[in-house]
Amino acid sequence: MKLEIRLNGKKQRAKVAPGKRLLDTLREDFGLTGTKEGCGEGECGACSVLMEGRLTNSCLVPALQADGAVITTIEGVAGAEDKLSAVQNAFIECGGTQCGICTPGMILASMSLVAENPHPSETDIRTALAGNLCRCTGYMRIFEAVARACRAEVPAR
């Protein structure tokens, strides 16, 4: 079946099987491998994307359900001329990235939070990232990265 989406700012089309997940379509049909599969059950957040501006576990969404949607993956987060967002820069500066499996989902969850609440409390940050699992950083560096991004001169996109 035909799928048409606005993916990272560009109109994209693909033919997909009726049961194919959005996660697999992003990775296999569009070559966007930044979106990771962790658990395949919507529990870890590694597959997170922004769909219509809302944080979404792409492993739970049939691709055809996204037809006509606006989708942002980690590859679409950097601004013009591949300038990193404040959130991405803060993750680098704070050491909030290690193995990289959770990083795309963590960054998108952080950006979703900051878009809704530009000055989150530590509790707000912890709550917003609760659906994303990380086995490497111990979370403190990630929480600090979100807080630092909120203090940055350049607002998170």
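In this chain, numbering begins with 1 at the start of the sequence shown.
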* **Distance in Å, Leu32 CG paired with Ile74 CD1, rounded so as to fall on 0.5 Å steps** => 11.0 Å

* Nearest non-hydrogen partners of Glu41 and Cys59, listed with the distance -> N-SG, 3.8 Å

* Linked, directly or transitively: Ile71 and Leu55 (ILVMFWY side chains, under 4.5 Å) -> no

* Donor-acceptor contact below 3.5 Å, side chain Asn8 vs main chain Thr73 -> yes

* Asked: Do Ser48 and Asn57 have side-chain heavy atoms sitting under 4.5 Å apart?
  -> yes

* Please confirm whether the backbone N or O of Glu4 pairs with a side-chain atom of Arg13, one donor and one acceptor, at under 3.5 Å? => no

* To do: Can you see which heavy atom on Ala128 is nearest to which on Ala109, and at what distance?
  => O-CB, 4.3 Å

* Are any non-hydrogen side-chain atoms of Asp67 and Met1 less than 4.5 angstrom apart? -> no

* Is it the case that one hydrophobic cluster holds both Leu60 and Leu108, taking links as side-chain heavy atoms less than 4.5 Å apart, direct or via other members? -> no

* Asked: If Ile, Leu, Val, Met, Phe, Trp and Tyr residues are connected whenever their side-chain heavy atoms lie under 4.5 Å apart, and connections chain through other members, are Leu7 and Val61 in the same group?
  -> yes

* Using the rule that two of Ile, Leu, Val, Met, Phe, Trp, Tyr join whenever any of their side-chain heavy atoms come within less than 4.5 Å, decide whether Val49 and Val77 are in one cluster. => no

* To do: Measure the spacing between NZ of Lys15 and NZ of Lys20 and express it to the nearest 0.5 Å.
  => 13.0 Å

* Asked: Any side-chain heavy atom of Thr72 within less than 4.5 Å of one from Met111?
  -> no

* To do: Determine whether Ile101 and Leu26 fall in the same hydrophobic cluster, where Ile, Leu, Val, Met, Phe, Trp and Tyr are linked whenever their side-chain heavy atoms lie under 4.5 Å apart.
  => no

* To do: Write down the atom of Pro104, the atom of Gly34, and the distance for their closest heavy-atom approach.
  => CG-O, 3.0 Å

* **Over all atoms of both residues, closest heavy-atom pair of Lys11 and Arg6** => N-NH1, 3.7 Å

* Hey, is CZ on Arg141 packed in by over 12 heavy atoms from elsewhere, all under 6.0 Å? -> no

* Mind checking the SG-CD spacing from Cys134 to Gln98? Nearest 0.5 Å is all I need. => 6.5 Å

* Asked: Nearest heavy-atom pair of Val114 and Cys150: which atoms, and what distance?
  -> CG2-SG, 3.7 Å

* **Phe30 CZ to Ile5 CD1 distance, which is reported to the nearest 0.5 Å** => 4.5 Å

* **Under-4.0 Å salt bridge between Arg21 and Glu37** => yes

* Please report the shortest heavy-atom distance between Phe91 and Ile142, naming the atom on each side. => CZ-CG2, 3.7 Å

* Do Glu144 and Arg151 sit within salt-bridge range, that is, some charged N less than 4.0 Å from a carboxylate O? -> yes

* Asked: Distance-only, no hydrogens or angles: does the Thr123 side chain make a donor-acceptor pair with backbone N or O of Ser121 under 3.5 Å?
  -> no

* Does the Thr35 side chain pair with the main chain of Leu23, one donor and one acceptor, at a distance under 3.5 Å? -> no

* Look up atom CD in Glu28 and atom OG1 in Thr33, then write down how far apart they are to the nearest 0.5 Å. => 11.5 Å

* **Contact check, side chains of Leu84 and Ile92, non-hydrogen atoms, under 4.5 Å** => yes

* Pairwise distance CZ(Arg27) to OG1(Thr25) - rounded to 0.5 angstrom -> 12.0 Å

* Hey, is the main chain of Met106 close enough, under 3.5 Å, to the side chain of Ser110 for a donor-acceptor pair? -> yes

